[in-house]
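Presented below is the structure to which this report refers.
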Amino acid sequence: MRRPSTTYGRIAAVVRRVPRGSVATYGQVARLAGLGRAARQVGYALHALPTGTSIPWHRIINAGGRISLPPDAGGIDQRLRLLAEGVTVTESGRVSLERYQWRPRGRA
DNA sequence: GCGGTGACGGTCG
DNA sequence: CCGACCGCCACCG
């Protein structure tokens with residue numbers, strides 16, 4: 001699979017590799033996608049995903065280990081999806097990166 | 001091409 | 001722990 005040449009394509013390609021039961025941060029995705037510090041753009045791209053996409057967007061949280069998506073904007077759904085995969089998420093949306101952050105091999 | 005904008009990230013109070 | 005600021009970068013009007 002050739003890596004997509006578009007920014008959104010690259011972001012999607014990286015997010016798709018995040019395994020079930022694990023999470024990744026926006027900044028982590030940005031770097032793995034070769035976007036440097038364009039972490040904000042990752043959130044922007046995920047927000048643009050169509051409803052019902054196969055891309056596991058709910059596995060992406062911020063560097064503070066918290067759900068960044070406002071509750072009334074889908075954050076509730078994201079939390080439930082993570083819980084369904086066995087990821088512990090507190091009521092305030094806190095996730096232990098120590099336990100669940102994805103550590104891909106090889107590439108940085 | 002310019003400027004506003006955001007599902008970010010790090011720092012400081 | 002929470003809010004305020006500032007720096008970053010690609011998207012969009």
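So that the names make sense, note that chain A is the first sequence line, chain B the second, and so on, each numbered from 1. Keep in mind that the numbers below use all heavy atoms, side chains included, and drop hydrogens, waters and symmetry copies. Predicted model only: the values in this text are computed from it and were never measured.
Computed from coordinates, the A:N62 CG to C:dC8 P distance equals 20 Å when rounded to whole Å. Between the CD1 atom of A:I11 and the C1' atom of C:dA10 there is a distance of 9 Å, rounded to whole Å. Atom pair A:Y26:OH and C:dC11:C1' shows a separation of 17 Å (rounding to whole Å applied). Spacing between atom CD1 of A:I67 and atom C1' of B:dG9 amounts to 18 Å, rounded to whole angstrom units. With rounding to whole Å, A:H47 atom NE2 is found 13 Å from C:dC12 atom P. Going from atom CG of A:L46 over to atom P of C:dC11 covers 13 Å, rounded to whole Å. Atom pair A:Y8:OH and C:dC12:P shows a separation of 5 Å (rounding to whole Å applied). Atom CG of A:L35 is separated from atom C1' of C:dC11 by 13 Å (rounded to the nearest Å).
Considering only the side chain of A:A63, B:dG9 comes nearest among B:dG9, C:dC11, B:dA7. The listed nucleotides are C:dC8, B:dG9, C:dC2; the one nearest the side chain of A:T25 is B:dG9.
Side chains of A:W57 and A:Q78 form a contact here, defined as non-hydrogen atoms less than 4.5 Å apart. Counting only heavy atoms from C-beta outward, the side chains of A:W102 and A:L32 approach each other to under 4.5 Å. The closest side-chain heavy-atom distance from A:Y8 to A:Q41 is below 4.5 Å. Taking the side chain as every heavy atom from C-beta outward, A:R79 and A:H58 never approach each other to under 4.5 Å. Put simply, the side chain of A:Y100 does not reach to within 4.5 Å of the side chain of A:I61, judged on heavy atoms.
When the options A:T25, A:I11, A:V14 are evaluated for a side chain to side chain contact (heavy atoms under 4.5 Å, CB included) with A:V42, the one that passes is A:I11.
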Show your reasoning for whether side-chain contact (heavy atoms from CB on, under 4.5 Å) applies to A:R103 and A:S22.
CA-CA 9 Å; A:R103 276 114 180 177; A:S22 294; over 6 Å; no
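Comparing A:R40 and A:Y44 by the nucleotide of DNA chain C whose heavy atom lies nearest to each, the residue mapping closer to the 5' end is A:R40.
Atom CG in A:L83 sits 9.5 Å away from atom OG1 in A:T90 (nearest 0.5 Å).
Annotation: proximity of residues 87-100 of chain A to DNA chain C (heavy atom, distance under 4.0 Å) is found for no residue.
The backbone N or O of A:G86 sits nowhere less than 3.5 Å from a side-chain atom of A:R20 that would complete a donor-acceptor pair.
Among the duplex regions that DNA chain C forms, those built from at least three successive Watson-Crick or G-U pairs under 3.5 Å are B:2-6 with C:9-13, B:8-13 with C:2-7, ordered by first number.
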